[in-house]
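Here the structure comes first, spelled out in structure tokens, and everything after it is commentary.
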Protein chains: 2
Amino acid sequence: MMQASVTAEQEAPSVRQQAVLDAVLGLMVEDGEQVTMDAVARRASCSKETLYKWFGDRDGLLTATVRWQASRVHAGHDTAQVLDGATLRERLQDFAVTWLEVITGPTSVALNRIAIAHAGSRKSNLGGIVLANGRFAIGERVKPVLEAGRAAGLLAFADSEAAFRTFFGLVGRDIQIRLLLGETLDLDGAGIRRDAGRAVEQFLVLYGQAKPDPKHQR
Amino acid sequence: MMQASVTAEQEAPSVRQQAVLDAVLGLMVEDGEQVTMDAVARRASCSKETLYKWFGDRDGLLTATVRWQASRVHAGHDTAQVLDGATLRERLQDFAVTWLEVITGPTSVALNRIAIAHAGSRKSNLGGIVLANGRFAIGERVKPVLEAGRAAGLLAFADSEAAFRTFFGLVGRDIQIRLLLGETLDLDGAGIRRDAGRAVEQFLVLYGQAKPDPKHQR
DNA sequence: CGAATGGCGTACCGTACCGTACGGTACGCG
DNA sequence: CGCGTACCGTACGGTACGGTACGCCATTCG
């Protein structure tokens, strides 16, 4: 009867619907305030009626867009069981680089802006979705690594959540808030790797059980 | 001739105008999306015509509100010349506590939401004002303390900006982004002091020249 | 081949909100 | 007293946008 309405939860968007959601993302990146239903319909070459049939209302469209983008970020390698110092450092470095690449990307900035603007009023918490798939998702992936590091005697901490939050702060610092507030930081891949490396070394200084390796600069 | 129009820069708002701006802040805290010119006029018991005479347009009103709030945050004690370890720790602790109190306050959250939402489009960078009076203002106040600490042989770093950004990250961690995205973290004064103390100790571990004092817990 | 379905384009409605205009009032001043 | 000024309250125009309705075409299937 009815085509997959994405608002009904659990429904994965069809290919055509994904194209619509990508159009929304494109508009968000260009200018968050011009994400209007007319503009989306024009950009996606579809009719507004179809948008409403598929997504219910504007909030449904935005929610589906956030979910759609979130579903693309989840690519990440799985847990390795045994950890030596070099592997631990490498895993943390990977997480830091990935995280910095995500939050400095224009899509993430635009999406977070929308979600934050929306968080001011009650209806439909985009903020919760962004948090669940951003900050908390990365936390749930990092904490097992930290705990494996502790089990291997490489790290010392009582609360893995607290340790992760410190790691999070060392990696992100003021970058995200500055980007969200409109500053144009240009971080290339090399800069991101340097930042990530510094954060990892600092984290190991704070939480490392064995002394960090002699590569420790500064 | 004309009453002080706050849009003309350098003009400080009159008492009546301050009352209007406080009304705007109140509306922002209640619900960022209901800051409409009608609502402001009603809340402030003034006419819309007066709002436009004083502030030019809606952006001017928002800008004046951001400036007005920023002007209230600047209360901070001045530099002490000689620094021993206890004084340095105390000054950093003060900064950390103040900063956490600011960013967890409902006014700051609401204001940052407005500025971030606005940063998506070009016109009138509220984001720049918030950054200048928030992140950068605190940085300009902390960095002299760090440099005094280095001059006293208590700290070791090459770049005071980089050192401050690490301090910033250790203090703020994920708190601001979680609040902006709508999570309700309840941090009381004791929790803030605990967080600030942990951040200061971690910073001193990373950048302290002399070993931190035996009070160092965890 | 004809009917049905899905979807595009567009016209349209209601509403919310920005910005302006206008009438009315209080107050200071010559 | 009379005038100007500043301001409040409110009504109004213009516009942008969310949401709906309708005509039309293409594809598919009986």
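In what follows, chains carry the letters A, B, and so on, assigned in the order in which the sequence lines appear, proteins first and then strands, with residues in each chain numbered from 1.
- Within the 4.5 Å cutoff, no side-chain heavy atoms of Thr50(A) are placed close to those of Val20(A).
- In terms of position on DNA chain C, the residue among Glu33(B) and Arg42(A) whose nearest nucleotide sits closer to the 5' end is Arg42(A).
- Identified under the ring-ring contact (aromatic ring centres under 6.0 Å, His included) test for residues 172-203 of chain A, with sequence neighbours left out: Phe167(A)-Phe203(A), Phe203(A)-Tyr207(A).
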Where protein sits on nucleotides 19-26 of chain C, one letter per nucleotide: B base, S sugar-phosphate only, - none, heavy atoms under 4.0 Å: BBBB----
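- For the side chain to side chain donor-acceptor pair (under 3.5 Å) test, residues two or more places apart in sequence or in another chain that qualify with Glu140(A) are Lys143(A).
- The side chain to side chain donor-acceptor pair (under 3.5 Å) check on Asp174(B) picks up Arg135(A), Arg165(A), Arg178(B), with sequence neighbours excluded.
- Listed by first and then second residue, the salt bridge (Lys or Arg N to Asp or Glu O under 4.0 Å) pairs involving residues 27-38 of chain B are Glu30(B)-Arg43(B), Asp38(B)-Lys48(B) (not counting sequence neighbours).
- Atom CD of Gln17(B) and atom C1' of dA6(D) are 12 Å apart (whole Å).
- Residues satisfying the salt bridge (Lys or Arg N to Asp or Glu O under 4.0 Å) criterion with Arg193(B), sequence neighbours excluded, are absent altogether.
- Look at Thr50(A) and you'll find a side-chain N or O under 4.0 angstrom from OP1 or OP2 of dC8(C).
- Considering only side-chain N and O atoms, Trp54(B) lies under 4.0 angstrom from the phosphate OP1 or OP2 of dC7(D).
- Dashed line: the shortest gap from a side-chain N or O of Thr36(B) to OP1 or OP2 of dC18(C) is under 4.0 Å.
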